[in-house]
Student: 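First the structure, which I've put down as structure tokens, then a few questions once you've had a look.
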Amino acid sequence: MKLRALAHARTGDKGNTSNISVIAYGAADYPRLVAEVTAERVKAHFGPLIHGPVVRYELPQLAALNFVLEGALAGGVTRSLALDAHGKCLGSLLLDLELDD
Amino acid sequence: MKTIRIGSGAGYSGDRIEPAVELAERGRLDYLCFECLAERTIALAQLARLRDPAGGYDPLLVDRMQAVLPAAVRNKVRIVTNMGAANPSGAAAAIAETARRLGISGLKIAAVAGDDVLDQVRDADLPLLETGGRVADLGNRLLSANAYLGAAPIVDALAQGADIVVTGRVADPSLFLAPLIHEFGWAPDDWPLLGQGTVVGHLLECAGQVTGGYFADPGLKDVSDLARLGFPLAEVAADGTAVVTKVEGSGGLVTQATCTEQLIYELHDPTRYLTPDVTADFSGVRFAPDGRDRVRVVGGGGTARPEGYKVSLGYRDGFIGEGQMTYAGPGCVARGRLALAIVAERLKLIGVAADELRFELIGVDSVAGGAAQLLQAEPPEIRIRVAGRTGTLADAVRIGNEVEALYTNGPAAGGGAVKSAREVVAVLSTMLPRERVRPRIQMLSEVPS
């Protein structure tokens with residue numbers, strides 16, 4: 001099962017750092033997100049796209065996680081050569097993460 | 001309990017104009033705020049002002065004001081905006097002239113200046129936050145330095161009776177927090193209240209993003225009537241609690257899900273969202289439904305504000321050249337990869353000096369890069385893209401030229417070449433001690449009709 005079945009996401013950018021929210025559609029699925037969508041798995045999912053550490057913050061009352069990805073934006077919006085210089089698509093790419101069925 | 005109604009009329013410089021008119025006409029607002037100054041925008045505005053000393057404010061300022069002022073004046077809606085960009089006083093004069101043309105008289109327009117701190121940081125021994133090193137390392141490449149001001153000067157302008165406050169660089173949520181401080185008399189060190197007000201400002205600052213814009217994912221997250229998306233307003237009480245909603249009958253939706261996405265947007269540590277006004281704490285924020293398209297927000301907190309002002313430094317950072325071309329039909333991926341290989345070799349042959357180059361297939365790996373799963377099925381069309389960073393404009397131009405030359409020198413059936421070359425104005429940050437930043441207000445009163 002894809003993460004997309006359980007959660008939605010939005011990406012923000014500040015400088016060369018991206019942040020991705022992962023928000024459970026149903027609060028009952030939140031513990032599963034906490035257990036399975038770890039910072040390590042997120043970093044591995046993006047592979048060479050991310051040059052820095054990934055930190056996860058938990059917002060249980062919102063059934064949401066916030067991932068902060070340093071060095072993820074090829075220099076940041078003002079100087080990046082990337083087509084999606086803001087990294088706006090990263091959240092959708094993360095929803096492709098495979099969860100245990 | 002008294003409540004204040006604050007609308008959000010724009011989430012970025014190029015945003016739609018009609019939703020703000022709708023808010024001014026039918027939102028029963030006390031305030032309408034427009035956030036139009038992205039991270040990179042002010043450095044570009046400084047360049048514009050270098051070319052024309054009367055310019056440097058938001059390019060849509062006059063269009064927006066012309067559209068919104070009649071209803072705002074009629075309904076006594078006060079306006080706060082950072083559309084002054086690199087020239088708040090020029091923006092105030094342009095607003096006054098717009099009002100005059102509309103036959104509106106008696107407006108008090110305040111320009112907030114003092115965010116331009118280029119003199120204070122030039123040659124100063126201040127550290128660059130992102131890269132290490134010092135501001136002085138930027139040398140004569142440094143173009144602009146703007147401190148993120150807080151709510152205080154806007155509050156002062158409102159206290160002096162301003163109907164319209166136009167600023168340059170101000171932290172986005174401070175535009176919305178200022179009217180709350182002014183109306184409710186919140187103390188400048190009541191950190192929990194300022195934190196909750198900052199939560200409200202953060203929810204509103206991207207306008208349509210909290211009313212269903214940037215949210216739709218058909219089948220999973222459906223949003224109706226996006227072409228007539230309504231922009232948000234908040235009904236805020238003196239204790240900082242608020243209801244986020246929109247004008248009845250407008251497109252879009254306000255739900256706990258749209259509010260949650262917007263709360264976390266551009267957030268790092270939820271307990272430490274830094275603004276010039278407060279270190280806001282979003283970690284306890286809760287949303288609750290309060291009727292259709294109405295979401296109640298409570299639980300924001302805060303601790304003492306940061307010691308210094310964050311300063312955004314704009315500097316010249318070389319050039320970017322780019323070219324694109326499309327291939328379609330059977331074998332398009334192989335032809336695209338051949339095209340990329342040809343351009344790579346050509347750039348070496350003709351001696352283009354690039355610090356960084358990207359060769360990619362749009363539709364395959366231009367966004368996901370090496371993280372993209374290998375496709376099983378070939379797409380019906382792809383677009384090649386070559387982009388490079390160069391030290392000279394001439395080299396940047398040559399990158400696009402080599403892609404275009406594939407028309408007669410490349411693989412079969414490439415079409416739709418486009419090319420571009422531009423100078424880069426990049427942004428870095430530093431912190432400046434508070435006492436070295438002096439916000440000030442220029443009041444333009446009693447505009448003659």
Side-chain angles (χ1 to χ4, degrees), chain A residues 4-25 27 44-50 55 57-71 74-96 98, chain B residues 38-40 43-44 129-131 206 209 214-215 217 220-221 256-271 282-287 299 314-315 317-318 320 322 324 354 356-358 360 362 366-373 385-389 424-429:
Chain A
R4 184 167 187 256
L6 301 185
H8 55 109
R10 181 183 294 177
T11 319
D13 72 291
K14 271 194 201 302
N16 198 19
T17 300
S18 175
N19 87 289
I20 304 176
S21 60
V22 172
I23 304 159
Y25 284 110
H45 182 74
F46 286 113
L49 276 187
I50 302 167
V55 176
Y57 297 97
E58 297 174 19
L59 291 151
Q61 81 283 10
L62 301 175
L65 300 171
N66 184 32
F67 294 90
V68 178
L69 291 65
E70 288 181 36
V77 65
T78 57
R79 66 186 304 274
S80 169
L81 293 186
L83 192 60
D84 174 19
H86 292 92
K88 296 274 191 188
C89 300
L90 293 174
S92 296
L93 286 173
L94 182 57
L95 295 181
D96 197 42
E98 199 68 46
Chain B
E39 196 176 45
R40 63 179 298 186
L44 297 173
L129 296 182
E130 293 89 352
T131 57
C206 295
Q209 280 196 178
Y214 218 68
F215 184 77
D217 194 348
L220 283 172
K221 297 189 291 175
Q256 288 167 263
T258 67
C259 290
T260 304
E261 278 198 16
Q262 182 55 29
L263 183 80
I264 302 175
Y265 181 66
E266 295 184 336
L267 179 67
H268 288 176
D269 181 347
T271 64
F282 289 11
S283 66
V285 170
R286 286 180 157 75
F287 298 112
Y315 67 103
D317 188 27
I320 289 180
E322 184 182 337
Q324 295 186 13
E356 191 184 345
L357 281 166
R358 285 174 79 115
E360 51 204 17
I362 297 172
S366 68
V367 172
Q373 299 284 332
R385 175 172 185 267
V386 180
R389 186 188 316 289
V424 176
V425 175
V427 175
L428 286 170
S429 309

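Heavy atoms only: backbone and side chains are in, while hydrogens, waters and symmetry mates are out. Chain identifiers are assigned alphabetically (A, B, ...) following the order of the sequence lines, protein sequences preceding nucleic acid strands; residue numbering begins at 1 within each chain.
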Student: In terms of heavy-atom pairs under 4.5 Å with chain A, which of B/K221, B/R286, B/E39 leads?
Tutor: B/K221
Student: Given heavy-atom pairs under 4.5 angstrom as the criterion, report whether the side chain, backbone, both or neither of B/D269 touches chain A.
Tutor: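 Both parts, backbone and side chain.
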Student: What residue in B/T271, B/V424, B/L129, B/D317 has the most heavy-atom pairs under 4.5 Å with chain A?
Tutor: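 That would be B/D317.
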Student: Out of A/E58, A/R4, A/Q61, return the one with the most heavy atom pairs under 4.5 angstrom to chain B.
Tutor: A/Q61
Student: In terms of heavy-atom pairs under 4.5 Å with chain B, which of A/V68, A/N19, A/T17 leads?
Tutor: A/N19
Student: So which atom in A/A64 and which in B/T260 form the shortest heavy-atom distance, rounded to 0.1 Å?
Tutor: CB-CG2, 4.3 Å
Student: Please state whether the side chain, the backbone, both or neither of B/V367 comes within less than 4.5 Å of a heavy atom of chain A.
Tutor: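 Both backbone and side chain.
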Student: Any idea which heavy atoms bring B/E266 and A/D13 closest together, and the distance?
Tutor: OE2-O, 3.2 Å
Student: Counting heavy-atom pairs closer than 4.5 Å to chain B, which one of A/V77, A/I23, A/I20, A/V55 comes out on top?
Tutor: A/I23
Student: Among B/F287, B/F215, B/F282, B/Y214, which has the most heavy-atom pairs under 4.5 Å with chain A?
Tutor: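 Of B/F287, B/F215, B/F282, B/Y214, B/Y214 has the most heavy-atom pairs under 4.5 Å with chain A.
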Student: Kindly indicate whether the side chain of A/L94, heavy atoms from C-beta on, has any atom under 4.5 Å from the side chain of A/H45.
Tutor: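 They are in contact (side-chain heavy atoms under 4.5 Å apart), so the answer is yes.
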Student: Which residue out of B/Q209, B/E261, B/E356 racks up the most heavy-atom pairs below 4.5 Å with chain A?
Tutor: B/E261
Student: Is there a donor-acceptor pair under 3.5 Å between the side chain of B/Q324 and the backbone N or O of B/I362?
Tutor: no
Student: What part of B/R389 gets closer than 4.5 Å to chain A, counting heavy atoms only: side chain, backbone, both or neither?
Tutor: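 Both backbone and side chain of B/R389 come within 4.5 Å of chain A.
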Student: At a heavy-atom separation under 4.5 Å, does A/L59 approach chain B through its side chain, its backbone, both, or neither?
Tutor: side chain
Student: Of all the heavy-atom pairs spanning A/T11 and A/G87, show the shortest one and how long it is.
Tutor: CG2-O, 3.3 Å
Student: Go through the atoms of B/L263 and report whether side chain, backbone, both or neither lie under 4.5 Å from a heavy atom of chain A.
Tutor: side chain
Student: Which of parallel (below 30°), tilted (30 to 60°) and perpendicular (above 60°) describes A/H8 and A/Y25?
Tutor: tilted
Student: Under a 4.5 Å heavy-atom cutoff, which of B/A43, B/P270, B/S366, B/A387 has the most pairs with chain A?
Tutor: B/P270
Student: Taking all heavy atoms of A/A27 and all of A/A63, pick out the closest pair and write down the distance.
Tutor: CA-CB, 4.1 Å
Student: With respect to chain B, which residue among A/D84, A/N66, A/I50 yields the maximal number of heavy-atom pairs within a distance under 4.5 Å?
Tutor: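 Of the options given, most contacts go to A/N66.
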Student: At what distance, to the nearest 0.5 angstrom, does CG of A/N16 lie from CZ of A/R79?
Tutor: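 Here the rounded value is 8.5 Å.
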Student: Check A/A7 against A/V22 and note the closest heavy-atom contact, atom names and distance.
Tutor: CB-CG1, 3.7 Å
Student: Given the options A/L93, A/L81, A/T78, which has more heavy-atom pairs under 4.5 Å with chain B than any of the others?
Tutor: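 Highest number of pairs under 4.5 Å: A/L81.
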Student: Top residue by heavy-atom pair count (under 4.5 Å) with chain B, among A/G75, A/S21, A/A82, A/G15?
Tutor: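 Among A/G75, A/S21, A/A82, A/G15, the one with the most close pairs to chain B is A/A82.
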Student: Could you check B/Q262 against A/R10 for side chain to side chain contact (heavy atoms under 4.5 Å, CB included), going step by step and ending with a plain yes or no?
Tutor: CA-CA 8 Å; B/Q262 182 55 29; A/R10 181 183 294 177; 2.7 Å; yes
